[in-house]
Number of protein chains: 2
Amino acid sequence: MKKIEAANAAEMPGQPAKRNTPQKAAVKHALGEATGFVSAQQLHQTLKKHGSTIGLATVYRTLADLAQAGEADSLQSKDSEVLYRACTTSHHHHLICRECGLTLEIEAENLEKWADKVATEHGFVQPSHNIDIFGFCAACQSAKTESGVAK
Amino acid sequence: MKKIEAANAAEMPGQPAKRNTPQKAAVKHALGEATGFVSAQQLHQTLKKHGSTIGLATVYRTLADLAQAGEADSLQSKDSEVLYRACTTSHHHHLICRECGLTLEIEAENLEKWADKVATEHGFVQPSHNIDIFGFCAACQSAKTESGVAK
DNA sequence: TCTCTTATTGACAAAGATTCTCAATAAGAC
DNA sequence: GTCTTATTGAGAATCTTTGTCAATAAGAGA
């Protein structure tokens with residue numbers, strides 16, 4: 001509590017200089033390893049299973065940071081928990097298997113334009129959108145059919 | 001606990017015959033009155049304000065039923081709570097104001113086709129999708145500009 | 001390399017939404 | 001009217017997520 005007026009010019013206001021820690025690296029790595037969307041809880045379990053002593057709060061904090069930095073996408077599951085996934089930073093959408101969680105990134109330039117157009121037509125500004133497609137992937141589909149669980 | 005083997009043939013399996021109650025009607029009515037998406041908590045507050053003694057659990061149960069019956073649409077808010085809205089049972093999407101919650105129903109036939117096509121192309125079956133557009137409606141926009149809170 | 005500031009961490013508490021439990025009530029059929 | 005049982009309300013219980021705070025350690029400078 002000695003230097004008060006030092007950090008006033010060199011840094012972004014409100015961004016106090018991030019530090020690289022093994023915990024962040026671990027979360028990032030674990031997220032990259034996951035095949036589809038995973039919850040913070042799941043990620044925490046996985047990390048512990050691999051010997052990490054990382055705290056649950058840290059996992060939440062790191063995921064929130066990644067999501068804000070655009071390095072992860074988030075999504076609400078049916079069970080009211082938030083799921084995360086490592087992603088490219090460019091804008092895109094997802095095709096997600098309801099059974100196994102397999103996730104494909106899809107692009108849809110026309111869709112972006114359509115969404116913006118609809119918003120503008122109705123007088124809305126700063127439009128953003130949520131577009132995700134769900135279904136059963138080929139593998140899960142045949143697995144289901146074979147076991148006779150046809151709806 | 002006397003008759004055990006009676007209800008085996010006449011009723012749908014697992015659907016024990018719904019009953020009409022004033023509580024259900026009240027929830028349904030309150031949901032219809034709301035202008036945009038509302039949470040179960042909000043709805044419960046509203047109902048209490050109007051003199052109803054309905055329980056919170058009942059509101060949750062009723063909303064879940066309505067959503068399942070296709071009479072209400074649900075949506076996850078940023079604060080990890082589920083929002084509901086009375087809707088037409090036909091398939092549609094929403095254009096939602098981030099500020100005041102004003103909600104417009106929009107149709108997009110081409111979009112439906114596109115979503116199904118993308119899913120099919122990647123081997124996915126039984127496709128469904130989540131498409132919602134957010135933005136600031138004209139009213140909220142001008143309110144913001146006038147108060148000088150331009151981003 | 002050593003020191004110093006302070007961002008970050010981990011353990012736990014706390015908040016908040018949703019679900020569960022269960023005795024009491026009342027809808028609908030006979 | 002009677003009876004069965006779906007439904008209700010109140011509160012407990014559960015679950016996810018966020019906040020708190022002392023202890024730790026990353027990174028810059030000496």
Side-chain angles (χ1 to χ4, degrees), chain A residues 1-28 37-45 47-48 51-69 72 74-84, chain B residues 1-28 37-45 47-48 51-69 72 74-84:
Chain A
M1 297 225 188
K2 292 166 192 170
K3 289 164 60 180
I4 306 179
E5 67 267 52
N8 51 3
E11 285 167 348
M12 299 271 283
Q15 305 270 355
K18 298 282 178 187
R19 291 178 183 175
N20 291 323
T21 65
Q23 287 88 347
K24 281 183 189 167
V27 171
K28 211 166 165 179
F37 280 84
V38 289
S39 68
Q41 305 276 352
Q42 287 176 306
L43 224 43
H44 182 227
Q45 290 301 319
L47 286 162
K48 282 211 300 188
S52 171
T53 60
I54 195 168
L56 179 58
T58 301
V59 175
Y60 273 101
R61 282 183 289 234
T62 305
L63 286 174
D65 284 351
L66 287 174
Q68 187 154 34
S74 62
L75 170 68
Q76 304 275 347
S77 82
K78 301 296 172 196
D79 302 325
S80 66
E81 54 181 6
V82 183
L83 306 181
Y84 292 91
Chain B
M1 295 229 189
K2 292 166 191 168
K3 291 164 59 180
I4 307 181
E5 69 267 51
N8 52 2
E11 286 168 348
M12 299 270 282
Q15 306 269 357
K18 298 279 177 188
R19 290 178 183 175
N20 292 324
T21 65
Q23 288 88 345
K24 281 181 188 168
V27 170
K28 210 166 165 178
F37 279 86
V38 289
S39 68
Q41 306 276 352
Q42 288 176 304
L43 224 44
H44 182 229
Q45 289 302 318
L47 286 163
K48 281 210 302 188
S52 172
T53 60
I54 194 168
L56 179 57
T58 301
V59 176
Y60 273 100
R61 281 184 289 234
T62 306
L63 286 175
D65 284 350
L66 287 174
Q68 188 153 35
S74 62
L75 169 68
Q76 303 277 345
S77 82
K78 301 296 172 193
D79 301 326
S80 67
E81 53 179 11
V82 183
L83 306 181
Y84 293 90

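Values below: all heavy atoms of this structure, side chains included; hydrogens, waters and symmetry mates excluded. Proteins get letters first, then strands, A, B, ... in listed order; numbering begins at 1 in each. On a predicted model such as this, the values are computed, not experimentally measured, just so you know.
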Tell me the interatomic distance from [X], atom [atom1], to [N], atom [atom2], rounded to whole angstroms.
{"X": "B:L47", "N": "D:dT8", "atom1": "CG", "atom2": "C1'", "value": "14 Å"}
{"X": "B:Q45", "N": "C:dG16", "atom1": "CD", "atom2": "P", "value": "13 Å"}
{"X": "A:L75", "N": "D:dT16", "atom1": "CG", "atom2": "C1'", "value": "16 Å"}
{"X": "A:H44", "N": "C:dC12", "atom1": "NE2", "atom2": "P", "value": "12 Å"}
{"X": "B:K48", "N": "D:dA10", "atom1": "NZ", "atom2": "C1'", "value": "12 Å"}
{"X": "A:L63", "N": "D:dT16", "atom1": "CG", "atom2": "P", "value": "14 Å"}
{"X": "B:I54", "N": "D:dA10", "atom1": "CD1", "atom2": "P", "value": "10 Å"}

Exercise. Return the set of residues passing side-chain hydrogen bond (donor to acceptor under 3.5 Å, both in side chains) with A:Q42 (not counting sequence neighbours), or none when no residue passes.
Key: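 With neighbours one apart ignored, the set is A:S39.
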Exercise. Could you pull out all residues at least two apart from A:K28 that satisfy side-chain hydrogen bond (donor to acceptor under 3.5 Å, both in side chains)?
Key: A:E71
Heavy-atom closest contact ([X] atom, [Y] atom, distance):
{"X": "A:S74", "Y": "A:F37", "value": "C-CE2, 4.5 Å"}
{"X": "B:L83", "Y": "B:S77", "value": "CD1-CB, 3.7 Å"}
{"X": "B:K24", "Y": "B:R19", "value": "NZ-O, 3.0 Å"}

Enumerate donor-acceptor pairs with a distance under 3.5 Å from any side-chain N or O in residues 55-66 of chain B to protein atoms, sequence neighbours excluded.
residue, atom, partner, partner atom, Å
B:T58, OG1, B:R61, NH2, 3.3
B:Y60, OH, B:Q41, NE2, 3.0
B:T62, OG1, B:T58, O, 2.8

Quiz item: Per the end-axis method with five pairs at each terminus, what is the bend angle of the helix from C:dT1-D:dA30 to C:dC30-D:dG1, to 10°?
Solution: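 Axis-to-axis angle, ends of the helix: 40°.
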Quiz item: Quick one: what's the B/S/- string for nucleotides 18-30 of chain C, heavy-atom cutoff under 4.0 Å, read 5' to 3'?
Solution: BBBB----BBS--
Exercise. Using a 4.5 Å cut-off on heavy atoms from C-beta on, say whether the side chain of A:V82 contacts that of A:Q76.
Key: yes
Quiz prompt | Approximate separation, where rounding is to 0.5 Å, of A:L43 CG and A:I54 CD1 | solution = 8.5 Å
Practice problem: For A:Y84 and for B:V59, find the nucleotide of DNA chain D with the closest heavy atom, then tell me which residue's nucleotide is more 5'. | Solution: B:V59
